[in-house]
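Within every chain, numbering begins at 1; the chains are lettered A, B, ... in the order of the sequence lines, protein sequences first and strands thereafter.
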Amino acid sequence: MKPQDMTIAAAENTYFRGLFGVLGGLLLILSSLGNAGWGPFDHDVAFFAGLAVLGAAALVLNRYYNERYGRSRPTIRHHRRMAVAMFVGAPAVFFGSLLLSSRASWSLNLPLNTIAISMALIILMVSVATVGVRMHYVVVFGTLLVAGLLPIWEREGMSGNTGLWMAGVALIIGGLLDHRLLVRKFGPAREEDRAGA
Amino acid sequence: MPEDDFTLDRLIHEPGRLAILTVLTSVAEADFVFLQRTTGLTKGNLSSHLTKLEDAGLVEIEKRFVRKKPNTNVSLTKDGAERVARHWAQLERLRGLADPEGAR
């Protein structure tokens with residue numbers, strides 16, 4: 001056993017609670033439906049009802065994960081790493097996206113999907129800060145990044161909403177893969193546990 | 001640590017206890033279920049190891065109730081953090097002796 005084996009296991013138990021990612025993906029899709037005013041989402045009440053459902057689901061998931069996989073509190077060093085990813089990395093990505101394509105006079109105005117690019121980069125940054133580089137993140141969010149970088153997106157119109165959809169789907173797929181890894185690695189109680197319960 | 005001191009801490013060196021302590025170095029605190037899932041130890045084994053570690057002053061154990069269910073919370077003491085770090089450094093030194101090119 002190397003020390004990294006146990007520290008990685010601890011990180012995986014904490015961050016592979018992927019059903020939260022599924023909820024995050026659904027939230028992005030809900031946002032795009034609200035933006036587009038599609039069907040019942042033409043009314044704000046439908047959007048807020050969807051938010052309430054996702055919020056309730058998050059509480060249920062939190063309880064499920066805590067009871068099945070336990071609770072831990074991150075170290076201060078970990079909080080610092082996350083703070084760098086969120087408060088330095090995320091703004092850098094945001095301003096980078098404005099430079100690539102926005103209404104700003106200094107924008108390069110490229111036909112890219114900056115929402116897809118930004119979401120992919122931010123999620124990849126956060127995953128490196130928490131569990132390290134993982135192949136399924138590289139594939140899922142790398143695909144999202146590549147899709148955003150294709151020079152096919154219209155500067156106005158529905159590109160933003162399409163970016164939200166794509167990011168939402170990527171989060172759902174990534175979340176399901178995370179959850180599968182969590183269950184396979186830390187899965188159901190062993191026979192000795194069941195006998196002793 | 002003297003260069004010729006290769007004594008390993010027998011309390012920490014046991015694989016189950018080493019796993020528990022190493023997990024606790026990467027979190028501020030963790031509960032019993034988290035430790036059990038992450039280390040793969042059975043309930044009985046984990047309980048036994050935690051008792052030994054608490055008696056040796058390497059961990060602090062707090063028993064409380066969460067949603068009316070008993071919950072055992074564990075954290076490293078300062079002594080525990082120092083001893084487990086020293087133990088891993090000791091193991092690295094021993095590995096370095098076996099591999100003169102340097103530990104990989």
Check: What residue in A/Arg77, A/Lys185, A/Glu67 has the most heavy-atom pairs under 4.5 Å with chain B?
Finding: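 With the most close heavy-atom pairs to chain B, the winner is A/Glu67.
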
Checklist line | Centroid-centroid under 6.0 Å between A/His78 and A/Tyr15 rings | finding: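 Yes - the distance between ring centres of A/His78 and A/Tyr15 falls below the 6.0 Å cut-off.
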
Next item on the list: Compute the ring centroids of A/His179 and A/Tyr65, then answer whether they are less than 6.0 Å apart.
Entry: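 Yes, the ring of A/His179 comes within the 6.0 Å limit of the ring of A/Tyr65, centre to centre.
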
Check: Parallel under 30°, tilted from 30 to 60°, perpendicular over 60°: which one fits the rings of A/Phe41 and A/Trp38?
Finding: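 Answer is parallel, since the angle falls under 30°.
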
Top contributor to chain A interface from [options] [non-hydrogen pairs under 4.5 Å]:
options	value
B/Val84, B/Leu24, B/Val66	B/Val66
B/Thr38, B/Val23, B/Leu21	B/Thr38
B/Ser75, B/Ala28, B/Ser26, B/Ala30	B/Ala28

Next item on the list: Counting only heavy atoms closer than 4.5 Å, note whether A/Glu12 contacts chain B via side chain, backbone, both or neither.
Entry: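 Contact with chain B: none, neither part.
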
Next item on the list: Measure distances from B/Asn71 to the heavy atoms of chain A and classify the residue's part below 4.5 Å as side chain, backbone, both or neither.
Entry: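 For B/Asn71, the contact with chain A is made by the side chain alone.
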
Margin query: Using a 6.0 Å cut-off, check whether atom NE2 of B/His13 has over 12 heavy atoms from anything other than its own residue.
Written below: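 No, NE2 of B/His13 has 12 or fewer neighbouring heavy atoms, counting only those of other groups under 6.0 Å.
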
Notebook entry, point to check: Would the number of heavy atoms belonging to other residues, nucleotides or ligands and lying under 6.0 Å from OH of A/Tyr64 be above 12?
Noted result: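 Result for OH/A/Tyr64: enclosed.
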
